[in-house]
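Heads up: the structure comes next, in structure tokens.
Labels below follow one simple rule: chain letters A, B, ... track the order of the sequence lines, proteins then strands, and each chain is numbered from 1. Nothing here was measured: the structure is a model prediction, and the numbers come from that model.
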2 protein chains.
Amino acid sequence: MPWEKSFDLDEAVDQSISVFMAKGYEATSLSDLLAAIGINKGSFYNAFGSKKKLFTQSLLKYDNEQRKAMLDELSQMQDPLKAIGSLFDALIEQSVTRGCKKGCLMVNTALDLPNHDAATEKLVKHSMSEMEVFFRQQIELGHKQESIAKSVSASETAKGLVTLVVGLRVLARGVFDEESLRVIKSQAMHLLK
Amino acid sequence: MPWEKSFDLDEAVDQSISVFMAKGYEATSLSDLLAAIGINKGSFYNAFGSKKKLFTQSLLKYDNEQRKAMLDELSQMQDPLKAIGSLFDALIEQSVTRGCKKGCLMVNTALDLPNHDAATEKLVKHSMSEMEVFFRQQIELGHKQESIAKSVSASETAKGLVTLVVGLRVLARGVFDEESLRVIKSQAMHLLK
DNA sequence: CGCAGTTTATACCAAATGGTACAAAAATAA
DNA sequence: TTATTTTTGTACCATTTGGTATAAACTGCG
């Protein structure tokens, strides 16, 4: 066997995620990706096949390492109000700190859904639905623990919280300042009362 | 004097709004616009100057004729809960009916803010802030009329409602079905209790 | 009619688009 | 050393990009 790839595949996808997140799929050019990853066309097509395939790969990795990882961790807290509060804290933290206003690849793609293929649509819907499930389960746990009133509908409030998260990620891209983002969190907690 | 323009300027901008809304600024090509308006390059540059100028004009018109017109009308109802409920009804109605999933030009642009110029940023921020003001005033009116409890903070809840509206417009583009959108409305009304 | 202004249609522009092809260099394994 | 395979660099591809230029045809008014 000859030799290992000289650039880190995983790292390359991470760079791609950044670019796609910042500019969107269409507005991201091949040159943008090559510059961000630090390779040239030959290696690119050898490694990823096409721009579209890289995008799908990026979206998948993002969903696994960002959304899924975070929800899994929060689920283990066994404290619904704290878990949900922490989720919003983390989103705000990311929005304020991270590279500045890159937002969320999944939300960006959700807004652009009509311009993507069926596979992408399925992935985005699944990711959003997983988030809704997370909220629903947390609220149901709160019902058992009696930290959340039974009058708070698990399924309906879960959808409300998903909507607030999505809205937050949009507004975090430049419309709202940090203080306003924190108000969104407090409004989310209001829905649980 | 020679002769009137043979195509309707106003109508042309409306067509442009549709295209920009559906595909986003970057992904919309000149050809897309020419096809949608039904004119050719010569007339286009004579009438609008550039793609960017047309976009700005479109955004401005959209803000005036969609957002402003709607909020002005709802303000006249003098019934905060009804007005806010009607706003969500109208958004859902649009999302379900209108051309199918075109969404909202202002929200689409908000998510894309980092890639636009200062003038656009100002316009979007102003539009969003006007919406926030609308909600705040409605809640304050509700305080006076005693239809909304004083414990509901006008300024904070206004931000929460703006976030729900933005989230709704994103999710309406393909993630949520009509039933789920209606749940968002009911969650919005919950914030007013 | 003649002038003014508009519309069409076309040709053109340089630059960038996503993607392919290929030779040479480099590095490992046998 | 000799294969094997990936890397790099470059050249190339047709198409499209936003934008300009131009000439002819059309329409309305004085």
Write down the protein N/O and nucleotide N/O pairs, taken from nucleotides 10-16 of chain C, whose separation is under 3.5 Å; answer none if there are no such pairs.
none

Does C:dT8 have OP1 or OP2 sitting under 4.0 Å from an N or O in the side chain of B:Ser43?
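True: B:Ser43 side-chain N/O within range (under 4.0 Å) of C:dT8 OP1/OP2.
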Just list the side-chain donor-acceptor pairs under 3.5 Å for residues 174-184 of chain A, sequence neighbours left out, or say none.
from: A:Asp177; atom 1: OD1; to: A:Glu179; atom 2: N; distance (Å): 3.4
from: A:Asp177; atom 1: OD1; to: A:Ser180; atom 2: N; distance (Å): 3.0
from: A:Asp177; atom 1: OD1; to: A:Ser180; atom 2: OG; distance (Å): 3.0
from: A:Glu178; atom 1: OE2; to: A:Arg182; atom 2: NH2; distance (Å): 2.8
from: A:Ser180; atom 1: OG; to: B:Lys159; atom 2: NZ; distance (Å): 3.2

Beyond-backbone contact of A:Leu33 with A:Lys51, side-chain heavy atoms, under 4.5 angstrom
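SC-SC contact between A:Leu33 and A:Lys51 confirmed.
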Rounding to a whole Å, what distance do you find between [X]:[atom1] and [N]:[atom2]?
X: B:Lys51; N: D:dT20; atom1: NZ; atom2: P; value: 14 Å
X: A:Phe48; N: C:dG18; atom1: CZ; atom2: C1'; value: 16 Å
X: A:Tyr45; N: D:dT5; atom1: OH; atom2: P; value: 24 Å
X: B:Lys52; N: D:dT17; atom1: NZ; atom2: C1'; value: 16 Å
X: B:Phe44; N: D:dT22; atom1: CZ; atom2: C1'; value: 19 Å
X: A:Leu34; N: D:dG9; atom1: CG; atom2: P; value: 12 Å
X: A:Leu30; N: D:dA14; atom1: CG; atom2: C1'; value: 16 Å
X: A:Ile39; N: D:dT8; atom1: CD1; atom2: P; value: 8 Å

Nearest-nucleotide wise, let me know which of A:Glu26 and B:Gly38 is further upstream toward the 5' end of DNA chain C.
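Taking each residue's closest nucleotide, the earlier one in sequence belongs to B:Gly38.
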Sequence neighbours left out, what pairs pass ring-ring contact (aromatic ring centres under 6.0 Å, His included) with at least one residue falling in residues 116-150 of chain A?
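For residues 116-150 of chain A, and leaving out neighbouring residues, the ring-ring contact (aromatic ring centres under 6.0 Å, His included) pairs sorted by first residue read A:Tyr25-A:His116, A:Phe55-A:His116.
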Tabulate below the donor-acceptor pairs under 3.5 Å that side-chain atoms of residues 73-81 of chain A make, not counting sequence neighbours, or state none.
from: A:Ser75; atom 1: OG; to: A:Leu71; atom 2: O; distance (Å): 2.8
from: A:Asp79; atom 1: OD1; to: A:Lys82; atom 2: N; distance (Å): 3.3

Let me have the donor-acceptor pairs involving side chains of residues 14-22 of chain B, under 3.5 Å, with sequence neighbours excluded, atom names and distances please.
from: B:Asp14; atom 1: OD1; to: B:Lys61; atom 2: NZ; distance (Å): 2.6
from: B:Asp14; atom 1: OD2; to: B:Lys61; atom 2: NZ; distance (Å): 3.0
from: B:Ser16; atom 1: OG; to: B:Ala12; atom 2: O; distance (Å): 2.9
from: B:Ser18; atom 1: OG; to: B:Lys102; atom 2: NZ; distance (Å): 3.3

Partners passing side chain to side chain contact (heavy atoms under 4.5 Å, CB included) against A:Gln57 (at least two apart in sequence or in another chain):
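Partners of A:Gln57 under the side chain to side chain contact (heavy atoms under 4.5 Å, CB included) test: A:Val13, A:Phe48.
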